[in-house]
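Before any comments, here is the structure.
Quick caveat: nothing in here was measured; it's all calculated off a predicted structure. Residue numbers start at 1 and run along the sequence shown.
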Amino acid sequence: MQTLELLAPARNASVGIAAIDCGADAVYIGAEEFGARKDAVNPISEVEALCLHAHKFGARVFVAFNTVICDDELDRAHALMLQAQKAGADAFIIRDPRITGWEDITVPLHASTQCAIRDVDRARYFEALGCSRLILERELPLETIRQICDGVKCEVECFVHGALCVCYSGECRMSQYIDGRSADRGECIQACRSLYDLEDSSGKPILRNKAILSLKDLKLKERLSDLCNAGVCSFKIEGRLKNASYVKNVVREYSIALDKIVASNPGKYRRASFGAVTGGFDPDSDKTFNRSYTQLFLDGKRGRWAAMDAPKSMGEAIGTVASIRPCDRSSIEVRVTPASGCLVLSNGDGFAFVSGSSIVGFRGDICQGNAIYCKNVQGLHKGMTIYRNVSSAFEKALENDLPKRDIRVSLTVRISHLFSIDVKAVSEDGREISCNFKADVDAAQNKERSIAMLREQLSKRSEGMVFSVDNIDISTPGNVVPLFSAATINSIRRLIAHDMSAKPCRMMPLYKGERNTLALDFCPESSTEKTGLPVIGDKTELMRSKYCVRYEIGLCPVRQGGKDNKPLFISNNGRRYILEFDCKRCEMTLRKA
């Protein structure tokens, strides 16, 4: 049976706990150093707290050590990994192959997406090093993903949702070139979200003040079955800098989608952790931060991947501006023609529109029907498309209407005489306990009512567990039933929950690779130069990407009848870059001009 894991980001322990409660099977988090998000670091105490909560449900915690590690930092990284391992970390996400040689690091190692795994040969290299899991490049077509899954024995993980780097993972030097802060060290300045001018080879302007290198966000919720069939076992949500609202919403949406796949394929798939998630808000990833969505190159076909007009979140298009009228000197009324259906707005909703090359945001102080009452907004006029990027009502639901996650426990009850009740409890992960309870009680006058109350009270929730009574067997003289009070039955249920919680949840088995440090000398090159911390020279390739600006503007000589394949140029803040196009490989490179 194939195990399916939903892997969520955790900026800190509280976000990670929220992700687990909303249905994540695993979370990934940064420690104090060496994670590829320098603004998402955590003391080991946070990692330990997250592990304690996750392990209640058999969920796992992966700690990221996926920056380039300098030689003089190896001892510090090693010591920190040992601390995280002691705190309960279930695996480490790594980039530096030298880590595979540390024998006292005994938890599984996952090869980060920064390892540039884009083909079977490179996948087999990291498998040979002993990595138990490979985190693939985002730009791969489904067929290549399938080939890699078929070509290795270890687990394969794919990103399915979140922000996209324009560059191949682990091979971008642009941030380091511009500002000295290396993406390989977790310090990316996100230069791909900046505004640029685009010119052709003769200097003729093509675009002005556009986020030319900015991509839409990835969303593969509708393609999870395809990835399952290809052999992927872990489905990763990007976002270790995202807030709790974002993580809860996206995790819940994808968890429901995976549950549907499991339910429709009995005996084929199972979730990688335990616990049923019920109730709470209705998730909708369109209502949280996104730059609109793309499935990128999953089908091996080019599409419109760019978010040139909206490098920030625009939210959902709700309609067009029908009219604007002043209310007083400082405020206006904006009437909206809904894009479809009935438009429901709430006080405090956030809105946005595109004005020239800028995204302008404003908040609706009072919203009534299709009318927004707000302070004066420059640049807004009739006929503009208006977006809602903050739904006040939805944010309140994410904050207050939370789902519950419970381990399912089945109970078998045997009443041997009026003063004795034996209960056998079996949890969904296989823990078992047997308890005997005695009480000085009378016989029930109404046998059926007493059994019904016993079943009802025992079937309630206690300490993160939800109970169901499989059978009540009565073998007392005359087949009479004791009259247990509701308080007594509740006490019995809480004691069972307490004893069950004292036993560790049985985790699903993990694949663990066999490490072979000899493989270090046989590293196959990625499709570009080796990753690392290069000296930036005049001819150094700053970026290589599957994304193609020429295709985005309709000038591709292969697919769109473009007349030439000469370089294009982009410029920003006094710096000029050359875009070159390798049509044979269908790739774009960026260099200093």
Worksheet item: If we only count heavy atoms from C-beta on, is the Gln85 to Phe92 side-chain gap below 4.5 Å?
Response: yes

Practice prompt. Could you label the plane-to-plane angle of the Tyr577 and Tyr196 rings as parallel, tilted or perpendicular, counting under 30° as parallel and over 60° as perpendicular?
Written response: perpendicular

Worksheet item: Hey, are Arg240 and Asp39 close enough for a salt bridge, meaning a charged N less than 4.0 Å from a carboxylate O?
Response: no

Worksheet entry | Residue pair Ser182 / Glu187, side-chain donor-acceptor N/O under 3.5 Å | no

Practice prompt. Answer yes when Arg591 and Glu580 have at least one side-chain N-carboxylate O distance shorter than 4.0 Å, and no when they do not.
Written response: yes

Discussion item. If we count only N and O atoms by modelled type, under 3.5 Å, do the side chains of Arg181 and Ser175 hold a donor and an acceptor together?
Written reply: no

Worksheet item: If every non-hydrogen atom of Gly239 is compared with every non-hydrogen atom of Tyr28, which pair is closest and at what distance?
Response: N-OH, 3.5 Å

Worksheet entry | Salt bridge Glu199-Arg576, side-chain N to carboxylate O under 4.0 Å | yes

Worksheet item: Does Lys219 come within less than 4.0 Å of Asp286, counting only side-chain N to carboxylate O?
Response: yes

Worksheet entry | Backbone of Cys586 reached by a side-chain donor or acceptor of Arg302 within 3.5 Å | yes

Practice prompt. Please test Ser285 against Glu253 for side-chain hydrogen bond (donor to acceptor under 3.5 Å, both in side chains), starting from the C-alpha separation and ending with a verdict.
Written response: CA-CA 7 Å; Ser285 58; Glu253 184 170 276; 2.6 Å; yes

Item to complete: Pick out which of Thr113, Asp184, Thr67 makes a side-chain hydrogen bond (donor to acceptor under 3.5 Å, both in side chains) with Arg95.
Response: Asp184

Worksheet item: Hey, does Ile145 have a side-chain heavy atom less than 4.5 Å from the side chain of Val232?
Response: yes

Item to complete: Go through the steps to decide whether Leu80 and Glu33 satisfy the test side chain to side chain contact (heavy atoms under 4.5 Å, CB included), and finish with yes or no.
Response: CA-CA 8 Å; Leu80 188 57; Glu33 293 182 84; 4.2 Å; yes

Discussion item. For a side chain to side chain contact (heavy atoms under 4.5 Å, CB included) check, start with the C-alpha distance between Leu258 and Leu224, then their side-chain angles and the critical distance, and finish with the verdict.
Written reply: CA-CA 8 Å; Leu258 280 181; Leu224 295 179; 4.0 Å; yes

Worksheet item: With side chains defined as the heavy atoms from C-beta onward, is the minimum distance between Glu139 and Leu296 less than 4.5 Å?
Response: yes

Discussion item. Could you tell me if Thr288 and Asn249 have a donor-acceptor pair between their side chains, going purely by distance under 3.5 Å?
Written reply: yes

Worksheet entry | Ion pair check, Glu155 and Arg133, cut-off under 4.0 Å | yes

Discussion item. Is the shortest side-chain heavy-atom distance between Ile359 and Asp309 below 4.5 Å?
Written reply: no

Item to complete: Using a 4.5 Å cut-off on heavy atoms from C-beta on, say whether the side chain of Phe569 contacts that of Leu198.
Response: no

Discussion item. Within the supplied structure, the quantity of interest is the number of heavy atoms (other residues, nucleotides, ligands) at a distance under 6.0 Å from Glu143 CD; does it exceed 12?
Written reply: yes

Response to the item:
Interatomic distance, NZ@Lys236 vs CD@Glu157, rounded to 0.5 Å, equals 4.5 Å

Practice prompt. Check the pair Asn243, Ser245 against side-chain hydrogen bond (donor to acceptor under 3.5 Å, both in side chains), reporting the backbone distance first and the verdict last.
Written response: CA-CA 6 Å; Asn243 60 25; Ser245 293; 4.6 Å; no

Worksheet item: Below 4.5 Å, heavy atoms only, C-beta onward: do Met543 and Tyr168 meet side chain to side chain?
Response: no

Worksheet item: Hey, mind stepping through Cys228 and Leu4 against side chain to side chain contact (heavy atoms under 4.5 Å, CB included) and telling me if it holds?
Response: CA-CA 8 Å; Cys228 289; Leu4 306 181; 3.8 Å; yes

Worksheet item: Considering all heavy atoms of both residues, which atom of Leu129 and which atom of Thr100 are nearest to each other, and what is their separation?
Response: O-CB, 3.6 Å

Discussion item. To the closest 0.5 Å, what do you measure between CD1 (Ile578) and OG (Ser571)?
Written reply: 13.0 Å

Item to complete: In sequence, state the C-alpha distance, the side-chain angles, and the governing distance for Ile237 and Val251, and then conclude on side chain to side chain contact (heavy atoms under 4.5 Å, CB included).
Response: CA-CA 8 Å; Ile237 298 167; Val251 165; 3.8 Å; yes

Discussion item. Salt bridge check, Arg544 against Glu171: does any charged N sit closer than 4.0 Å to a carboxylate O?
Written reply: no

Discussion item. Do the side chains of Arg122 and Asp119 get close enough for a salt bridge, i.e. N-O under 4.0 angstrom?
Written reply: no

Worksheet item: Thinking salt bridges, do Arg363 and Asp349 make one under a 4.0 Å N-O criterion?
Response: no

Discussion item. Determine whether the aromatic ring centres of residues Phe235 and His161 are separated by less than 6.0 angstrom.
Written reply: no

Worksheet item: Hey, is Arg185 close enough to Glu73 for a salt bridge, meaning N to O under 4.0 Å?
Response: yes

Worksheet item: Does Phe159 have Arg138 sitting over its ring (NZ/CZ under 6.0 Å from centre, angle to axis within 45°)?
Response: yes

Worksheet item: For the side chain of Asp197 and the backbone of Asn209, is there at least one donor-acceptor N/O pair under 3.5 Å apart?
Response: yes

Worksheet item: Do the non-hydrogen side-chain atoms of Leu218 and Val160 ever get within less than 4.5 Å of each other?
Response: no

Item to complete: Evaluate the criterion ring-ring contact (aromatic ring centres under 6.0 Å, His included) for residue pair Phe62 and His110; output intermediate values, then yes/no.
Response: CA-CA 9 Å; Phe62 308 144; His110 297 177; 4.8 Å; yes

Fill in: Spatial distance of atom CD (Glu552) from atom CG (Leu213) [nearest 0.5 Å]
11.0 Å

Practice prompt. Inspect the surroundings of CG in Asp282 and state if more than 12 heavy atoms from other residues, nucleotides or ligands are less than 6.0 Å away.
Written response: no

Worksheet entry | Closest heavy-atom pair and its distance - Lys216, Arg304 | NZ-O, 3.0 Å

Worksheet item: Does atom CG of Asp72 have more than 12 heavy-atom neighbours, drawn from other residues, nucleotides or ligands, at distances under 6.0 Å?
Response: yes

Worksheet item: Do Cys172 and Leu542 come close enough that some side-chain heavy atom pair is under 4.5 Å?
Response: no

Practice prompt. Walk me through it: do Glu587 and Lys546 pass the test salt bridge (charged side-chain N to carboxylate O under 4.0 Å, His left out)?
Written response: CA-CA 5 Å; Glu587 292 179 336; Lys546 198 68 180 175; 5.3 Å; no

Item to complete: State, to 0.1 Å, how close Ile135 and Ile117 come at their nearest heavy-atom pair, and which atoms those are.
Response: O-CD1, 4.4 Å

Worksheet item: Which atom names give the shortest non-hydrogen contact between Phe65 and Ala31, and what distance separates them?
Response: CZ-CB, 4.2 Å

Fill in: Check ion pair Arg252-Asp21 (N to O, under 4.0 angstrom)
no

Worksheet item: Looking at CG of Leu142 and CD of Gln147, how far apart are the two atoms once the value is rounded to the nearest 0.5 Å?
Response: 10.0 Å

Item to complete: Establish, yes or no, whether a centroid distance under 6.0 Å links the rings of Phe289 and Tyr246.
Response: no

Discussion item. The test is salt bridge (charged side-chain N to carboxylate O under 4.0 Å, His left out); show your working for Asp96 and Arg98 and say whether it passes.
Written reply: CA-CA 5 Å; Asp96 195 319; Arg98 291 175 293 182; 2.7 Å; yes

Discussion item. For a quick check under 3.5 Å, do Ser202 and Asp200 share a side-chain donor-acceptor pair by atom type?
Written reply: yes

Item to complete: Please step through salt bridge (charged side-chain N to carboxylate O under 4.0 Å, His left out) for the pair Asp564 and Arg550, ending with a clear verdict.
Response: CA-CA 10 Å; Asp564 61 59; Arg550 188 177 290 281; 3.8 Å; yes

Item to complete: Write down the atom of Ala89, the atom of Val107, and the distance for their closest heavy-atom approach.
Response: O-CG1, 3.5 Å

Worksheet item: Does a donor on one side chain sit under 3.5 Å from an acceptor on the other, for Arg291 and Ser313?
Response: no

